[in-house]
Amino acid sequence: MEISSSVAFPTIGIVLLGGISDQNRRIPMHDSAGIAYSDEKRSIRTATSLYISGTREGYFNGNRITPDNSYRSPFRIIEKYEGRIFDKLGMDQKNRFICFRSENHGILSGSSDSGAAALGKCIHSILGNDLDMGEFENDLRSVSESVGRSFYGGLTVTETDGNKAITRTVADWPVFSDFTIAGCPFPEPRKPSDTIHENIVKSELYGERVKTAGNRIRKLEGLVRNGELEEIFDLAQEDTEDYHSLIESVGVKIINGAMRSFIEKVRETRKKFWLSYIVTGGTNVFVVCHNRDLGKVMDIAGGNAIKPLQLKISQGAMSFEKH
Ligand code: ADP
Ligand code: 3S4
């Protein structure tokens, strides 16, 4: 019996996150920012539902999974909130378990955020105002350190005190209606984000990185206040460049030769019209441009044998009431 369902959209870092407290709680070690994205039809998404069954189980991308103690397990969150959900639904918990089914569709990167956010939205749709949202976000963080980006949507900032991190939307998604992101995938398997988190902290420049990220967040908020939208993505490009040179210095290389030569094309094109690029933890180059220039960006990508997805900044997670 299904009790809730939701969709959430994956994310792209704007001020990229590198470094988390530990693999279980995944508290960010510095402030960061990001956006949720999808395509025009919102088909790029995670779709998740919760249902009640006589055995504890779940399905992830069509494959049956059973609970284990592995870190990032969605079952940990379900187990924590299960009793309250049965109470709220007025159901006896005996011999019943809350199970989950989740499917990712067309995601380039940032799937763990939409996975955690979609699960969170399913629970939120049942418990609503009973939840302490700060505590809840930090519980969801055990699945993904930047879950707030997808849960709240638009352009978000996540601030941390090292023990807890809280996300807020600083510009809602319609603010960016004039922009399109050409999501350009490169055919190489990605490294898990944990490879970045574990290694970046080894750099002697990591302390500087923490300060720079914090300063960029303050600057970003000023840009939002002044409506300087292109500058937000220029700041993101600058952050991408710093971040990848730092992780490369500790042996984590995401930007391969083909990505680098495409990036050079993008940088050259900036002399002709405005555009900007971002690379997060996956082997994708996200090129941000005005809608009117998308055709030209698609031509540049096509000339490099890349098949971009046309992406828009999207809203936060949404639930479909079932109860
Ligand atoms: P990404 O950029 O896609 O988030 P990460 O390496 O940060 O890449 O995270 C990948 C991990 O996210 C997967 O191994 C899986 O544990 C988790 N994940 C992805 N999608 C979902 C989902 N729909 N529900 C729960 N967890 C998910
Ligand atoms: C590595 O939690 P990704 C990074 O801030 C981790 O987007 C995010 O991205 C960097 O693995 C970032 O989700 O692509």
Side-chain angles (χ1 to χ4, degrees), residues 5-21 23-24 26-37 44-50 58-63 65 67-68 70-78 99-123 140-151 155-158 160 165 167 183 185 189-201 209 213 216-217 236 239-240 242-244 246-247 252 254-255 278-286 317:
S5 69
S6 73
V7 293
F9 305 102
T11 74
I12 299 170
I14 294 292
V15 175
L16 298 169
L17 173 60
I20 54 175
S21 59
Q23 283 190 342
N24 280 316
R26 310 185 73 80
I27 309 294
M29 288 173 70
H30 62 75
D31 297 348
S32 60
I35 50 175
Y37 73 89
I44 296 176
R45 68 194 192 283
T46 295
T48 296
S49 55
L50 295 183
Y59 288 87
F60 178 40
N61 290 337
N63 299 315
I65 51 170
D68 56 25
S70 64
Y71 68 92
R72 306 190 84 166
S73 169
F75 288 107
R76 287 187 178 185
I77 294 163
I78 291 173
C99 304
F100 101 124
R101 180 178 290 113
S102 188
E103 277 174 20
N104 295 339
H105 300 275
I107 296 177
L108 291 175
S109 63
S111 65
S112 56
D113 286 350
S114 51
L119 169 63
K121 200 66 199 175
C122 282
I123 296 173
L140 297 176
R141 207 175 290 297
S142 67
V143 174
S144 190
E145 59 279 1
S146 37
V147 55
R149 293 177 187 170
S150 176
F151 192 88
L155 170 65
T156 50
V157 158
T158 302
T160 180
T167 301
R190 68 158 291 161
K191 297 180 177 73
S193 59
D194 278 344
T195 310
I196 298 175
H197 296 310
E198 280 157 22
N199 286 288
I200 193 170
V201 294
R209 168 68 195 160
R216 285 205 175 118
I217 297 298
D239 196 66
T240 281
D242 289 354
Y243 184 88
H244 285 276
L246 186 59
I247 61 175
V252 185
I254 309 285
I255 301 179
I278 299 167
V279 179
T280 64
T283 46
N284 310 291
V285 180
F286 295 100

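Both counts, for ligands and for their atoms, begin at 1 and track the order of listing.
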Colleague: Got a sec, which residues hit ring-ring contact (aromatic ring centres under 6.0 Å, His included) with Phe151, two or more places apart in sequence or on another chain?
Modeller: His124
Colleague: On a heavy-atom basis, which atom in Ile20 and which in Leu17 lie closest, and how many Å separate them?
Modeller: CG2-CD2, 4.5 Å
Colleague: Mind checking whether Arg190 contacts ligand 2 via backbone (N, CA, C, O), side chain (CB onward), both or neither, at a 4.0 Å heavy-atom cut-off?
Modeller: side chain
Colleague: Suppose we measure from atom 9 (O) of ligand 2 to each protein heavy atom; which comes out shortest, and what is that distance?
Modeller: Gly281 N, 3.6 Å
Colleague: Which of the numbered atoms in ligand 2 are below 4.0 angstrom from a heavy atom of Gly13?
Modeller: 7 (O)
Colleague: Report the nearest protein non-hydrogen atom to atom 8 (C) of ligand 2: residue, atom name, distance rounded to 0.1 Å.
Modeller: Ser146 OG, 3.4 Å
Colleague: Not counting sequence neighbours, which residues clear salt bridge (Lys or Arg N to Asp or Glu O under 4.0 Å) with Arg141? List them please.
Modeller: Glu137
Colleague: Could you list which atoms of ligand 2 come closer than 4.0 Å to a heavy atom of Leu16?
Modeller: 5 (O), 7 (O), 12 (C)
Colleague: Pick one of side chain, backbone, both or neither for how Ile196 approaches ligand 2, counting any non-hydrogen atom pair under 4.0 Å.
Modeller: side chain
Colleague: Quick one: are Asn199 and Ile247 in side-chain contact, heavy atoms under 4.5 Å?
Modeller: no
Colleague: Do Ser114 side-chain atoms and Ser111 backbone N/O form a donor-acceptor pair below 3.5 Å?
Modeller: yes
Colleague: Hey, does the side chain of Ser6 reach the backbone of Ala118 with a donor-acceptor pair shorter than 3.5 angstrom?
Modeller: yes
Colleague: When you measure from atom 10 (C) of ligand 2 to each heavy atom in Leu17, Ile20, Asp239, which option holds the nearest one?
Modeller: Leu17
Colleague: Is the backbone of Ala36 close enough, under 3.5 Å, to the side chain of Ser150 for a donor and an acceptor to pair up by distance?
Modeller: no
Colleague: Looking at ligand 2, does Arg149 have a heavy atom less than 4.0 Å from it?
Modeller: yes
Colleague: Thr280 heavy atoms, cut-off 4.0 Å: which ligand 2 atoms fall inside?
Modeller: 7 (O), 9 (O), 14 (O)
Colleague: List ligand 2 atoms under 4.0 Å from Tyr243, heavy atoms only on the residue side.
Modeller: 1 (C), 10 (C)
Colleague: Could you list the residues that satisfy salt bridge (Lys or Arg N to Asp or Glu O under 4.0 Å) with Arg101, not counting sequence neighbours?
Modeller: none
Colleague: Can you tell me if Asn24 uses its side chain to pair, donor with acceptor, with the backbone of Tyr71 under 3.5 Å?
Modeller: no
Colleague: After noting the C-alpha distance and the side-chain angles of Ser102 and Thr48, does the key distance pass the side-chain hydrogen bond (donor to acceptor under 3.5 Å, both in side chains) rule?
Modeller: CA-CA 4 Å; Ser102 188; Thr48 296; 2.8 Å; yes
Colleague: Tabulated below should be the N or O atoms of ligand 1 paired with protein N or O atoms at under 3.5 Å; can you produce that?
Modeller:
unit_1   : atom_1 : unit_2 : atom_2 : d
ligand 1 : 2 (O)  : Gly110 : N      : 2.8
ligand 1 : 2 (O)  : Arg190 : NH1    : 2.6
ligand 1 : 3 (O)  : Gly110 : N      : 3.3
ligand 1 : 3 (O)  : Ser111 : N      : 2.9
ligand 1 : 3 (O)  : Ser111 : OG     : 2.6
ligand 1 : 4 (O)  : Ser111 : N      : 3.3
ligand 1 : 4 (O)  : Ser112 : N      : 2.9
ligand 1 : 4 (O)  : Ser112 : OG     : 2.6
ligand 1 : 6 (O)  : Ser193 : N      : 3.1
ligand 1 : 7 (O)  : Ser112 : OG     : 3.4
ligand 1 : 7 (O)  : Ser193 : OG     : 2.7
ligand 1 : 8 (O)  : Arg190 : NH1    : 3.4
ligand 1 : 20 (N) : Asn104 : ND2    : 2.9
ligand 1 : 23 (N) : Ser102 : OG     : 2.9
ligand 1 : 23 (N) : Asn104 : OD1    : 2.9

Colleague: So which atom in Pro185 and which in Leu108 form the shortest heavy-atom distance, rounded to 0.1 Å?
Modeller: CB-CD2, 3.9 Å
Colleague: Are the side chain of Thr240 and the backbone of Val279 linked by a donor-acceptor contact shorter than 3.5 Å?
Modeller: yes
Colleague: Would you say ligand 2 has an N or O under 3.5 Å from any N or O of Ser193?
Modeller: no
Colleague: Do any N/O atoms on Glu145 end up under 3.5 angstrom from N/O atoms on ligand 2?
Modeller: yes
